[in-house]
Every structure is written in structure tokens, then in C-alpha cells.
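Structure first, commentary second.
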Amino acid sequence: MIVVFLGPPGVGKGTQASRLCQLLAVPHLSTGDMLRQARGAGTPLGRSVAEFLDQGRLVPDEVVVSVVQQRLWQPDCRTGCLFDGFPRTLVQAQALEEMLAAEGHRIDRVLELTLAEDQLVARMLQRAQRENRADDTPDTIQRRLNVYREQTAPLVAHYAAACLLRTVDGGGTPEEVFARITACVGQGIAG
Ligand code: ADP
């Protein structure tokens, strides 16, 4: 099963994506994690994306698409995977569709997690204290929200038009949100 998680920064995509991956027994492909890992390891890729990560700007499409393509060639992705933080632009969405089609696959379900902007900001500021993520500063948080609204939110209409989208309320405890998600994915499997 191939699932895409869509949603603004702070909505809890990472937490919910990890849980759903365990349930579906598919690998978790978080482009944010992959890029942060490359930066931490100081690889050429990591050095080339550091500035984008720190400023809360999107890494260029061709860079992210190539990272994802290489990951998709790993054998553990044969039974499916869950994308978290990718695609983030229409160009990335088209590239993903082409990559999957080349292997005879397609996206089964897109889950959009939603939450009011003041709650997103509050969650990210809490996370900043807990995890010390370099891009969880007030200025960068605001930029990431703007980038989401301008460049990623149009994907919602794109996937709705393709009849793949389910929208899930991201409010409440992680358990409450996960129960809503599993209900959606169950519907997907049934029909
Ligand atoms: P969040 O959803 O909280 O913003 P992520 O961990 O998904 O966090 O992403 C962190 C950063 O990594 C982004 O601000 C961006 O710089 C970069 N990034 C991650 N995924 C992509 C992508 N698909 N396209 C471009 N940049 C990306």
C-alpha cells in the first residue's frame, strides 16, 4: 500500500506516520528526516541542503526527487511505503506519479491532517523546547507555514480531483488522531 501524508508543519505528521507504518508494515519515507540525516552526516547532499533546512525554505525539487527515487529503489519499498513530507509541490507530485507508474504502482491514499494555525504554532514552539530542532524558531515557523500555504496546500485540490484524498482532524491526543486515521485507511482497503 502506498500512502501520502499531507499537512502543515506541526500537525503531527511524523508521529502519526510512524504509527501507521507499523500498522501497515511499510517503511516510513520522511524527506525531512532524510535531509536532516544527510546534513548531520556532513555528506555533499547534506551540505548543499543545510541552508534551506535552517531557513525553513523548500529544498529544490530536483534534489528531493532524486533522494526519493534512490530510496524507492531499496528492496524494502517493494510492498509499499508511506511518504511523510513529500511531495510538497505540484512538480514533486508529478515526479512521484511518474516514478511509481514506471514500476506499475500508484498512490492508494492521501491523508491530509488539518489543524488551526495558532495550534500549529503552539505545538512547534513546544517541540522546540523538547527536541531543539534548528528550524523551530518563531521566524522559521512562520516561514514554513507560509511555504505550506503557498506551495503545498494546492496539492489538496490535486489529490481531491484524483479521488485519493481523505481529510483528518489533527486536533486532540495522538491516540484520538490515530483512531481517525485508521478508520480512513480501513475504508480505503475496503473500497
Ligand atoms: P515540517 O513538516 O515540520 O516542516 P519536515 O521534517 O517535513 O518538517 O521538513 C523539514 C525541512 O526539510 C523543510 O522545511 C524543508 O526545508 C526540507 N524538506 C523536507 N521535505 C521536503 C520536500 N519534499 N521538498 C523540499 N524541501 C523539503
Should [X] and [Y] count as side-chain neighbours, where that means a heavy-atom distance under 4.5 Å?
X    : Y    : answer
V64  : V49  : no
R180 : T167 : no
V4   : F86  : no
L165 : V156 : yes
M99  : L72  : yes
Q74  : P27  : no
Y159 : P87  : yes
D54  : D135 : no

Crowding at [atom1], [X] (>12 non-hydrogen neighbours, <6.0 Å):
X    : atom1 : value
Q69  : CD    : yes
R149 : CZ    : yes
E131 : CD    : yes
E175 : CD    : yes

Please round to the nearest 0.5 Å and tell me the distance separating atom [atom1] of [X] and atom [atom2] of [Y].
X    : Y    : atom1 : atom2 : value
F52  : L35  : CZ    : CG    : 10.5 Å
R123 : R127 : CZ    : CZ    : 10.5 Å
I107 : M1   : CD1   : CE    : 11.5 Å
L20  : H28  : CG    : NE2   : 9.5 Å
R71  : L29  : CZ    : CG    : 5.0 Å
L125 : T137 : CG    : OG1   : 9.0 Å

Any side-chain donor near an acceptor of the partner, T89 and Q151, under 3.5 Å: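 Absent: no donor and acceptor within the cut-off.
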
Hey, is the main chain of [Y] close enough, under 3.5 Å, to the side chain of [X] for a donor-acceptor pair?
X    : Y    : result
T31  : G85  : yes
K13  : G7   : yes
Q92  : V65  : no
E176 : T173 : yes
D108 : I2   : yes

Common cluster, [X]/[Y], ILVMFWY with side-chain heavy-atom separation under 4.5 Å:
X    : Y    : value
L120 : I181 : yes
F83  : L24  : no
L6   : V68  : yes
L100 : W73  : no
L111 : L164 : no

Walk me through it: do V185 and R166 pass the test side chain to side chain contact (heavy atoms under 4.5 Å, CB included)? CA-CA 9 Å; V185 173; R166 292 284 185 281; over 6 Å; no

Could you walk me through whether C21 and D84 pass side chain to side chain contact (heavy atoms under 4.5 Å, CB included), step by step? CA-CA 11 Å; C21 282; D84 164 12; over 6 Å; no

Salt bridge present between E150 and R143 (N-O < 4.0 angstrom): no

Note: R144-D136 ion pair, threshold 4.0 Å (strictly below): yes

Would you name the heavy atoms of L45 and A38 that are closest together and state the gap between them? CD2-CB, 3.8 Å

Nearest atoms (heavy-atom pairs only) where C184 meets V168: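 The pair with the smallest heavy-atom distance is SG-CG2, 3.8 Å.
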
Using side chain to side chain contact (heavy atoms under 4.5 Å, CB included), reason through E117 and Q142 one step at a time and then give a plain yes or no. CA-CA 10 Å; E117 199 158 308; Q142 200 51 56; 3.6 Å; yes

